[in-house]
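Numbering starts at 1 and runs along the sequence shown. Just so you know, these numbers use all the heavy atoms, side chains as well, and skip hydrogens, waters and symmetry mates.
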Amino acid sequence: MPILPKHAHRRKKLGLILLMITGVGVAVGMVTMALKENINLFFSPSQVLAGEAPINHTFRIGGMVRTGSVKRSDKSLDVNFDVTDTAKNLPVVYTGILPDLFREGQGIVAMGKLRDDGVFVASEVLAKHDETYMPPEAAEAIKNAQKMQATLKE
């Protein structure tokens, strides 16, 4: 077996180290991309209408179903309604069977995507559990919207 010069061993070690660093970098990049795509952020209707929410990316909205806004289709399972945080109303479209606890004036959280026309297309709607429960994100969004309205009136 021939003996390699010292610099050849160093070059091999350096190449191996660079290959390992590149592999780790690629793995970290792939994990970061996967996590970024699977994270579902929460926005209130006020934040969505202010342009803070991403268009055509999945996220959650929450608030109250605005009284008088629920419209069901006679020919399909399509339901249109507005979600409000008491400051702004966001139109929502959902196709499917809504939870039994879904009704006007009650708190909900919906997951879906915002279309270019400003309508939120829900893929899932979650209703509150009982008369006193409201999803924490929805309660916080309503509280923040009420604070904003109070400061604007002053």
Side-chain angles (χ1 to χ4, degrees), residues 1-66 69-70 73 76-102 106-130 132-149 151:
M1 183 162 155
I3 299 175
L4 297 174
K6 284 186 178 182
H7 66 284
H9 284 295
R10 288 181 186 159
R11 205 175 280 156
K12 265 185 154 179
K13 285 182 183 179
L14 181 60
L16 185 60
I17 290 171
L18 288 175
L19 184 64
M20 288 172 40
I21 289 173
T22 302
V24 169
V26 168
V28 168
M30 291 174 71
V31 168
T32 303
M33 281 182 17
L35 289 174
K36 188 176 180 181
E37 288 180 13
N38 290 329
I39 196 164
N40 292 320
L41 300 173
F42 179 86
F43 294 95
S44 69
S46 293
Q47 290 174 309
V48 172
L49 294 172
E52 296 177 29
I55 295 175
N56 293 320
H57 282 68
T58 301
F59 63 93
R60 294 178 298 143
I61 61 163
M64 306 289 277
V65 178
R66 190 170 63 90
S69 69
V70 178
S73 172
S76 67
L77 293 176
D78 292 347
V79 181
N80 295 321
F81 58 93
D82 291 345
V83 173
T84 184
D85 58 7
T86 69
K88 302 281 183 176
N89 301 319
L90 179 67
V92 177
V93 175
Y94 177 69
T95 301
I97 299 172
L98 290 165
D100 291 337
L101 297 173
F102 178 90
Q106 299 299 319
I108 65 149
V109 172
M111 187 175 347
K113 295 181 179 185
L114 184 65
R115 291 192 317 215
D116 293 332
D117 62 358
V119 174
F120 186 80
V121 180
S123 58
E124 183 178 10
V125 176
L126 306 171
K128 67 184 192 68
H129 294 117
D130 61 29
T132 59
Y133 176 79
M134 177 174 293
E137 298 99 336
E140 184 69 24
I142 290 171
K143 187 169 79 172
N144 289 340
Q146 289 172 342
K147 283 181 188 176
M148 281 181 38
Q149 280 185 326
T151 56

For the [atom1] atom of [X] and the [atom2] atom of [Y], what is their distance to the nearest 0.5 Å?
X: L18; Y: L14; atom1: CG; atom2: CG; value: 4.5 Å
X: T58; Y: E124; atom1: OG1; atom2: CD; value: 11.0 Å
X: L90; Y: L114; atom1: CG; atom2: CG; value: 6.5 Å

Among all residues two or more places apart in sequence or in another chain, which pass the side chain to side chain contact (heavy atoms under 4.5 Å, CB included) test with [X]?
X: D100; result: none
X: V93; result: N80, V119
X: S46; result: S44, D85, A87, K88, A145
X: D82; result: R66, S69, N89, P91

With a 4.5 Å cut-off on side-chain heavy atoms, are [Y] and [X] touching?
X: I108; Y: V92; value: no
X: V83; Y: F120; value: no
X: L126; Y: P99; value: no
X: M64; Y: T86; value: no

Quick one: closest heavy-atom pair of [X] and [Y], and the distance?
X: A53; Y: F59; answer: CB-CZ, 3.6 Å
X: F42; Y: Q47; answer: O-OE1, 4.2 Å
X: F43; Y: P54; answer: CE1-CD, 3.8 Å

**OP:** Taking atom CG of L16 as the centre, report whether more than 12 heavy atoms of other residues, nucleotides or ligands fall under 6.0 Å from it.
**Re:**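 Yes, because the 6.0 Å sphere around CG of L16 holds more than 12 heavy atoms from other groups.
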Original post:
Of all residues at least two apart in sequence or in a different chain, which pass the ring pair (Phe, Tyr, Trp, His ring centres under 6.0 Å) check with F102?
Top reply: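 If we apply the ring pair (Phe, Tyr, Trp, His ring centres under 6.0 Å) test to F102, skipping adjacent residues, the hits are F81.
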Subject >> Residues forming a side chain to side chain donor-acceptor pair (under 3.5 Å) with T95, sequence neighbours excluded >> reply: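 Partners of T95 under the side chain to side chain donor-acceptor pair (under 3.5 Å) test: D78.
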